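Structure first, then comments.
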Amino acid sequence: KFVRVSAQDVQGKGKMKDALKKAKGGTLFVDEAYGMSGSTAATTELVFQLQKDDCSCVVIVAGYKNKMDEWLPKNEGLFARFPTYLELPNYNAEQLISIGKKFVSGQGFAISTYAADALRKAAEYVTTIPSGTSPAKVAAPLRRLAAATGGGGDDGPLSGGAGGTNGNGISGDGTSG
């Protein structure tokens with residue numbers, strides 16, 4: 001069993017305990033756990049619940065390194081409860097392009113040269129974004145990139161036309177086998 005929650009989901013009376021109960025026998029994944037830094041009660045509750053004998057699940061707290069580095073020292077019990085740290089590097093542009101192409105291929109489609117160019121530009125842009133940047137700050141430049149590469153037009157890689165492609169530079173029948 002895998003239960004994913006955000007820091008906001010576990011803030012409030014009894015919410016951390018409820019999340020741990022749902023994950024009993026499995027894993028509780030707290031995404032953007034540093035979000036609990038604004039709630040001493042949530043962090044304290046997490047530490048308290050983890051030291052109880054009936055807490056029988058693996059708990060993973062995740063988030064951007066710089067923000068986790070600020071949150072973890074706020075309660076000395078966190079270091080004792082989370083002695084293992086794993087830092088995952090960001091994908092580079094080539095890895096993102098490969099993931100995109102595999103996803104498209106896995107859906108039974110082929111990506112056009114035009115769409116591949118737009119994918120490359122987007123991947124190169126995304127890899128320049130500092131870790132921890134709000135998605136809202138990223139959306140507008142990506143929309144401008146899509147428009148500049150024909151993404152908003154009738155025949156661009158992100159448009160909704162008809163014919164031999166699905167209108168976004170991707171062709172195929174939509175089946176994967």
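From a predicted model like this one, the values you see are computed outputs, not experimental measurements.
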**Prompt:** CG/Asn75 to OG/Ser37 distance, rounded to the nearest 0.5 angstrom?
**Reply:** 12.0 Å

**Item:** Counterpart residues, salt bridge (charged side-chain N to carboxylate O under 4.0 Å, His left out), relative to Arg81 (two or more places apart)
**Value:** none

**Message:** If you apply the rule side-chain contact (heavy atoms from CB on, under 4.5 Å), what do you find for Val10 with Met36, and how did you get there?
**Reply:** CA-CA 8 Å; Val10 293; Met36 287 189 277; 3.9 Å; yes

**Message:** Strictly by salt bridge (Lys or Arg N to Asp or Glu O under 4.0 Å), give each pair with a member in residues 103-113 just once, sequence neighbours left out.
**Reply:** none

Would you tabulate the side-chain donor-acceptor contacts of residues 123-130 under 3.5 Å, counting partners in other chains and residues two or more places apart, or write 'none'?
{"from": "Thr127", "atom 1": "OG1", "to": "Ala123", "atom 2": "O", "distance (Å)": "3.3"}
{"from": "Thr127", "atom 1": "OG1", "to": "Glu124", "atom 2": "O", "distance (Å)": "2.9"}
{"from": "Thr128", "atom 1": "OG1", "to": "Tyr125", "atom 2": "O", "distance (Å)": "2.6"}

**Asked** In Å and rounded to the nearest 0.5 Å, what is the CE to CG distance from Met16 to Leu46?
**Response** 4.5 Å

**Request:** Test side-chain contact (heavy atoms from CB on, under 4.5 Å) on Leu20 and Val59 and set out the steps.
**Result:** CA-CA 8 Å; Leu20 288 163; Val59 177; 3.6 Å; yes

**Fill in**
Residues at least two apart in sequence or cross-chain that pass side chain to side chain contact (heavy atoms under 4.5 Å, CB included) with Val3, listed by chain then number, are Lys1, Val5, Lys22, Ala23, Leu28

**Prompt:** Side-chain contact, heavy-atom cut-off 4.5 Å: Arg4 with Asp31?
**Reply:** yes

**Message:** Let me confirm one number: the OH-CZ distance from Tyr85 to Phe79, rounded to the nearest 0.5 Å.
**Reply:** 4.5 Å

**Asked** What residues, two or more places apart in sequence or in another chain, satisfy salt bridge (charged side-chain N to carboxylate O under 4.0 Å, His left out) together with Lys65?
**Response** Asp69

**Fill in**
Apart from Leu88 itself, members of its ILVMFWY cluster (side-chain separation under 4.5 Å) are Leu86

**Message:** If I take atom OG from residue Ser56 and atom NZ from residue Lys24, how far apart are they, to the nearest 0.5 angstrom?
**Reply:** 4.5 Å

**Prompt:** Is there a donor-acceptor pair under 3.5 Å between the side chain of Tyr114 and the backbone N or O of Ile111?
**Reply:** no

**Contacts of Ser6 that satisfy side chain to side chain contact (heavy atoms under 4.5 Å, CB included) - sequence neighbours left out** = Gln8, Asp9

**Asked** Can you name the ring-ring contact (aromatic ring centres under 6.0 Å, His included) partners of Phe29, sequence neighbours left out?
**Response** Phe2

**Message:** Tell me which pairs pass ring-ring contact (aromatic ring centres under 6.0 Å, His included) where either residue lies in residues 31-52, with sequence neighbours left out.
**Reply:** none

**Request:** Of all the heavy-atom pairs spanning Gly35 and Gln11, show the shortest one and how long it is.
**Result:** O-NE2, 3.0 Å

**Distance (rounded to the nearest 0.5 Å) between Ile60 CD1 and Phe82 CZ** = 9.5 Å

**Prompt:** For Glu45, which residues count as a side-chain hydrogen bond (donor to acceptor under 3.5 Å, both in side chains) partner, sequence neighbours excluded?
**Reply:** Gln49

Solution key, residues 90-102 side-chain donor-acceptor pairs under 3.5 Å, sequence neighbours excluded:
{"from": "Asn92", "atom 1": "OD1", "to": "Glu94", "atom 2": "N", "distance (Å)": "3.1"}
{"from": "Asn92", "atom 1": "OD1", "to": "Gln95", "atom 2": "N", "distance (Å)": "2.8"}
{"from": "Glu94", "atom 1": "OE2", "to": "Arg120", "atom 2": "NH1", "distance (Å)": "2.6"}
{"from": "Gln95", "atom 1": "OE1", "to": "Asn92", "atom 2": "N", "distance (Å)": "2.8"}

